[in-house]
2 protein chains.
Amino acid sequence: MDQAVFEQRLQKLTKFYIDNKRLPSYSEMCKIFNLRSKNTVYRFCQKLIERDYIRKDEQGKLIPSDKLKPVKLLGYIQAGFPNTTEEETLDTLSLDEFLIKNPQATFMLKISGDSMISAGILPGDYVLVDRTIPPESGMIVIAQVDSKWTIKYFIKNKNKIYLKPANSKYPIIYPKDELIIAGVVTGVVRKYL
Amino acid sequence: MDQAVFEQRLQKLTKFYIDNKRLPSYSEMCKIFNLRSKNTVYRFCQKLIERDYIRKDEQGKLIPSDKLKPVKLLGYIQAGFPNTTEEETLDTLSLDEFLIKNPQATFMLKISGDSMISAGILPGDYVLVDRTIPPESGMIVIAQVDSKWTIKYFIKNKNKIYLKPANSKYPIIYPKDELIIAGVVTGVVRKYL
DNA sequence: ATGATAATAGAACAATCGTTCTATGTCAAT
DNA sequence: ATTGACATAGAACGATTGTTCTATTATCAT
């Protein structure tokens, strides 16, 4: 098959998956690819499976494989830049899967204030918080202090527990009675445009 | 229907979607929910559609709606904390859709070096780069300088173009002949655990 | 106990699914 | 010109789909 045709169809397929959050049926692919034969589509899909763009799950249903995921990971900056022709071999991933281990227990919070600025968490950034992870010393946590929620470093030193901001103009907080931890910060997300 | 049963099934459905990247068929839901009647599943799905957890697209196929997306957005920190019972009303979103406008033109790069540290981009962070966006003054770009790729601020001042690091210990770069821009940084991602 | 309401079971239906078959068309190499 | 290799067309198949129907069971207030 012509490589250009292959890539064109792959692109249409990817677009359909992004738009509809599911893969099209063979009949639908007929329309998408301007074909009249489901068999042609069937063979095209087998090529996609060979090249690991899509897979079949236990039920024989088509599901997207890793290569159909939204983001290509290009590696380190200094390592030089892969050129466009060899991009096929690169890792692809989904940011959702990359950043979130426990979807049911994870939520996102928009940060205001500059108390974590020297940890690289700026006002307007979003943090991902996991409720299920037990906090360890050095982790960034969302904690309730004086009935207000803040983001701080969680420090545990010889049974002493306190909260330290990553900005020295704010004081260290020693909890009076009990310390309520909403969750551990597992990731940071910033959006420029 | 019992609310507890509803949520339990919703959770199983969500898990299936995360695992298989597609919604289960009615027969599959029978197994998942331990039901023997497709009709029960059918009615359950209609409740899901009513409450906007799933939808039907043009072809009548079930597709996940917004509420089935991986991350719940809880708003600002200071605004206080919604308690767990009213979480239903919260915004949910996919990080992929949130951060990536042009999936075909976007890639991810792992940052090494501290040249952008005061812009909140630390070594080990990942940046999302969009090839299609034309750079404007003040944007962060991936640029080729002396056959090496770096991340810098793109500055355009009265037809003068130069690259400025966000760390004053590095020099401003004035391109000699031509300036090769690989793309504009549209987002930053950091993973702690 | 009675009746009202909802959830489930189970059969049945047309429509669509993925798959396999054969036939036709195209193009390059021989 | 003939061959072989593909891409496509188009018909056909059983399996599965979503949906509708009626019947049975569970729940709960009265």
Side-chain angles (χ1 to χ4, degrees), chain A residues 1-69 88, chain B residues 1-68 85 88:
Chain A
M1 172 191 284
D2 192 357
Q3 181 69 13
V5 174
F6 180 88
E7 300 223 354
Q8 181 190 354
R9 289 182 185 167
L10 176 59
Q11 198 161 336
K12 286 181 179 176
L13 183 72
T14 307
K15 177 168 169 27
F16 186 99
Y17 180 67
I18 290 171
D19 289 346
N20 299 68
K21 277 119 195 67
R22 66 176 177 89
L23 289 178
S25 71
Y26 287 27
S27 315
E28 288 170 324
M29 289 192 222
C30 281
K31 295 176 192 167
I32 295 174
F33 302 153
N34 290 322
L35 291 173
R36 254 165 294 185
S37 170
K38 283 199 295 177
N39 188 17
T40 308
V41 173
Y42 173 65
R43 297 192 183 178
F44 173 68
C45 282
Q46 290 193 317
K47 280 209 177 117
L48 287 175
I49 293 173
E50 276 177 26
R51 309 193 193 181
D52 200 31
Y53 285 100
I54 61 178
R55 279 181 310 167
K56 302 214 173 190
D57 61 11
E58 318 80 44
Q59 323 287 334
K61 305 268 175 184
L62 295 178
I63 57 173
S65 186
D66 284 347
K67 287 192 187 173
L68 220 59
K69 288 176 185 172
E88 292 185 45
Chain B
M1 174 191 280
D2 192 359
Q3 181 68 13
V5 173
F6 180 88
E7 300 224 352
Q8 181 190 354
R9 289 183 185 165
L10 176 59
Q11 198 161 337
K12 286 181 178 175
L13 183 73
T14 307
K15 178 167 169 32
F16 186 99
Y17 180 68
I18 291 170
D19 289 345
N20 299 68
K21 277 117 193 69
R22 64 175 177 89
L23 288 179
S25 70
Y26 287 27
S27 315
E28 287 170 324
M29 289 192 221
C30 281
K31 295 175 193 165
I32 295 174
F33 301 153
N34 291 321
L35 291 174
R36 257 164 292 184
S37 171
K38 283 201 294 179
N39 188 18
T40 307
V41 173
Y42 172 65
R43 299 193 181 177
F44 173 69
C45 282
Q46 291 195 317
K47 281 211 177 115
L48 286 175
I49 294 172
E50 275 177 27
R51 308 193 194 181
D52 201 32
Y53 285 100
I54 60 179
R55 279 182 308 167
K56 301 215 173 188
D57 61 11
E58 317 81 43
Q59 323 287 335
K61 304 270 176 185
L62 295 177
I63 57 174
S65 186
D66 284 346
K67 287 193 188 172
L68 220 59
T85 56
E88 292 184 45

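All chains are named by letter (A, B, ...) in the order of the sequence lines, taking the proteins before the strands, and each is independently numbered beginning at 1.
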- Helical bend (five base pairs per end, nearest 10°) for the helix from C/dA1-D/dT30 to C/dT30-D/dA1: 20°

- 4.5 Å side-chain heavy-atom contact, A/N20 and A/P24: no

- Please list, chain by chain and in numerical order, all residues satisfying ring-ring contact (aromatic ring centres under 6.0 Å, His included) with B/F33, sequence neighbours excluded. B/F44

- Message: Could you check whether any side-chain heavy atom of B/S65 comes within less than 4.5 Å of a side-chain heavy atom of B/Y53, counting everything from C-beta outward?
- Response: no

- Starting at CE of B/M29 and ending at P of C/dT8, how long is that distance when rounded to a whole Å? 14 Å

- Query: With A/T14, which residues qualify under side chain to side chain donor-acceptor pair (under 3.5 Å), at least two apart?
  - Reply: none

- Task: Could you encode protein contacts along nucleotides 17-26 of chain C as a string, one character per nucleotide from 5' to 3', using B for base contact, S for sugar-phosphate-only contact and - for no contact, with a heavy-atom cut-off of under 4.0 Å?
- Result: BBBBBB----

- Task: If a pair satisfies salt bridge (Lys or Arg N to Asp or Glu O under 4.0 Å) and one of its residues is in residues 26-43 of chain A, list it, with sequence neighbours excluded.
- Result: A/R22-A/E28

- Query: Does B/K56 have any side chain to side chain contact (heavy atoms under 4.5 Å, CB included) partners at least two apart in sequence or in another chain, and if so, which?
  - Reply: B/Y26, B/I49, B/L62

- Item | Passing candidate, side-chain contact (heavy atoms from CB on, under 4.5 Å) with A/L68, options A/D52, A/I54, A/I18 | A/I54

- B/R55 CZ to D/dG18 P, in whole Å, measures 17 Å

- Item | Shortest non-hydrogen contact from A/L48 toward A/F6 | CD2-CZ, 3.8 Å

